[in-house]
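Notes to accompany the following structure.
Since the structure is predicted, the reported quantities are computational estimates derived from the model, not experimental observations.
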Amino acid sequence: MKKHFRDLLKYNEWANYRILVALEELESPGDELLSLFSHVLTAQIIWLNRIKGIPTSPFPLWEQYKLTELRSMTEETSNNWNTYLDSHSLDTFEEMIFYTNSEGNKYESTIREIMNHMLSHSSYHRGQIAKAIRNKGVQPPDTDYIIYARIK
């Protein structure tokens with residue numbers, strides 16, 4: 001399971017960097033694109049903080065960040081998730097995490113469920129970003145997992 005998640009986190013990092021570079025290359029990415037990518041990265045930070053049992057409050061889910069901030073967030077998020085995975089001693093990822101969501105509701109999920117959600121949530125929003133880039137008349141980067149798997 002650890003190998004599986006390591007591969008998916010590397011894919012997530014690859015896909016995030018492709019989106020970041022595409023946004024940096026646009027003349028003006030605009031609010032929609034910056035907000036969506038900010039949301040992707042913020043959610044990745046929040047989910048890791050929930051797993052670690054540390055506060056998520058400094059990271060509003062729909063805060064819009066500047067490109068320079070998004071670059072450092074992309075690097076930090078990738079490093080933090082990889083460090084967490086390296087330090088995780090269990091292979092099952094079935095440890096239950098108790099957390100409160102952004103609306104104040106209490107939930108419990110396994111680390112496996114959280115990681116699967118975080119990764120699919122990120123892919124979903126990267127798809128929205130790709131569509132918005134295409135609507136600007138620019139070819140978006142391909143961030144499909146199979147493309148990553150072919151070149152890794």
Side-chain angles (χ1 to χ4, degrees), residues 1-24 32-65 67-134 139-152:
M1 183 70 66
K2 193 173 205 173
K3 182 182 181 320
H4 172 72
F5 281 124
R6 184 175 311 286
D7 184 50
L8 289 178
L9 286 173
K10 290 292 182 190
Y11 156 68
N12 187 65
E13 179 179 353
W14 172 85
N16 281 347
Y17 273 107
R18 289 179 64 93
I19 291 295
L20 177 65
V21 168
L23 296 180
E24 289 173 339
E32 178 186 18
L33 288 167
L34 293 176
S35 291
L36 281 170
F37 196 50
S38 295
H39 176 70
V40 167
L41 297 175
T42 301
Q44 290 178 11
I45 292 167
I46 288 172
W47 280 114
L48 183 57
N49 285 0
R50 285 177 178 159
I51 289 173
K52 291 173 153 183
I54 58 178
T56 61
S57 56
F59 305 100
L61 262 176
W62 287 103
E63 181 79 17
Q64 182 178 307
Y65 296 98
L67 278 172
T68 55
E69 294 169 309
L70 292 173
R71 174 159 286 284
S72 51
M73 286 172 73
T74 300
E75 294 167 4
E76 181 180 335
T77 301
S78 293
N79 289 337
N80 288 344
W81 271 102
N82 287 318
T83 299
Y84 168 75
L85 193 62
D86 289 342
S87 69
H88 192 279
S89 60
L90 301 175
D91 193 43
T92 64
F93 294 81
E94 295 301 319
E95 179 184 350
M96 194 62 70
I97 303 298
F98 301 89
Y99 59 93
T100 303
N101 72 0
S102 59
E103 297 172 356
N105 300 317
K106 294 182 187 261
Y107 293 98
E108 59 185 70
S109 303
T110 64
I111 294 172
R112 177 184 50 79
E113 291 167 334
I114 289 170
M115 289 184 74
N116 281 323
H117 168 73
M118 184 275 294
L119 292 160
S120 64
H121 174 266
S122 299
S123 291
Y124 170 77
H125 286 301
R126 283 192 298 263
Q128 290 180 313
I129 292 167
K131 182 178 180 184
I133 290 173
R134 188 173 288 112
Q139 181 64 33
D142 193 338
T143 59
D144 287 341
Y145 176 82
I146 199 66
I147 302 300
Y148 164 78
R150 290 175 186 154
I151 63 171
K152 69 176 183 166

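- To the nearest 0.5 angstrom, Leu119 atom CG is 5.5 Å from Leu8 atom CG.
- At a threshold of 4.5 Å between non-hydrogen side-chain atoms, the residues Thr77 and Trp81 count as touching.
- More than 12 heavy atoms of other residues, nucleotides or ligands sit less than 6.0 Å from atom NZ of Lys152.
- No more than 12 heavy atoms of other residues, nucleotides or ligands sit less than 6.0 Å from atom OH of Tyr124.
- Atom CG of Leu48 and atom CD1 of Ile46 lie 11.0 Å apart (nearest 0.5 Å).
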Run Tyr145 and Ser123 through side chain to side chain donor-acceptor pair (under 3.5 Å) and show every step you take.
CA-CA 9 Å; Tyr145 176 82; Ser123 291; over 6 Å; no
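- Looking at heavy atoms from C-beta onward, Lys2 lies in side-chain contact with Phe93 at the 4.5 angstrom threshold.
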Do Arg18 and Asp142 pass the salt bridge (charged side-chain N to carboxylate O under 4.0 Å, His left out) test, and can you show the C-alpha distance, the side-chain angles, and the key distance before you say yes or no?
CA-CA 8 Å; Arg18 289 179 64 93; Asp142 193 338; over 6 Å; no
Criterion side-chain contact (heavy atoms from CB on, under 4.5 Å) on Ile97 and Tyr107, from CA distance to verdict:
CA-CA 8 Å; Ile97 303 298; Tyr107 293 98; over 6 Å; no
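- Pairing each heavy atom of Ala22 with each of Pro141, the nearest pair is CB-CD, 3.6 Å.
- Taking 4.5 Å as the limit, every side-chain heavy atom of Ile19 sits out of range of all side-chain heavy atoms of Leu33.
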Is there a side-chain contact (heavy atoms from CB on, under 4.5 Å) between Met118 and Leu9 once you walk through the steps?
CA-CA 10 Å; Met118 184 275 294; Leu9 286 173; 3.9 Å; yes
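- Around NZ of Lys131, the count of heavy atoms belonging to other residues, nucleotides or ligands within 6.0 Å does not exceed 12.
- Counting heavy atoms from C-beta outward, Asn80 and Ile45 have side chains that stay 4.5 Å or more apart.
- The shortest side-chain heavy-atom distance between Tyr99 and Ile114 falls under the 4.5 Å cut-off.
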Check the pair Met1 / Arg112 against side-chain contact (heavy atoms from CB on, under 4.5 Å), numbers first and verdict last.
CA-CA 9 Å; Met1 183 70 66; Arg112 177 184 50 79; 4.0 Å; yes
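- You'll find the side chain of Tyr65 stays beyond 4.5 Å of the side chain of Phe37, heavy atoms only.
- Between the side chain of Asn49 and the backbone N or O of Pro55, at least one donor-acceptor pair lies under 3.5 Å.
- Interatomic distance, CG of Asn101 versus CZ of Arg50, reported as 6.0 Å (0.5 Å rounding).
- Side-chain contact check for Leu67 versus Arg71: every heavy-atom pair is 4.5 Å or farther apart.
- Here Asn16 contributes atom CG and Trp14 contributes atom CH2; the two are 11.0 Å apart, rounded to the nearest 0.5 Å.
- Between His121 and His125, the ring planes are perpendicular. Angles over 60° get that label, and only those under 30° would be called parallel.
- A cation-pi arrangement, defined by a distance under 6.0 Å to the six-membered ring centre and an angle within 45 degrees of its axis, is present between Arg126 and Tyr11.
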Criterion side chain to side chain donor-acceptor pair (under 3.5 Å) on Ser35 and Gln64, from CA distance to verdict:
CA-CA 5 Å; Ser35 291; Gln64 182 178 307; 2.8 Å; yes
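- One finds the NE2 atom of His39 at 9.5 Å from the CD1 atom of Ile129 (value rounded to the nearest 0.5 Å).
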One pair to check against side-chain contact (heavy atoms from CB on, under 4.5 Å): Glu75 and Tyr17. What are the steps and the verdict?
CA-CA 9 Å; Glu75 294 167 4; Tyr17 273 107; 2.7 Å; yes
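- Side-chain contact between Ser38 and Leu70 is present, with heavy atoms from C-beta onward closer than 4.5 Å.
- Residue Asn12 holds its CG atom at 4.5 Å from CD of Gln44, rounded to the nearest 0.5 Å.
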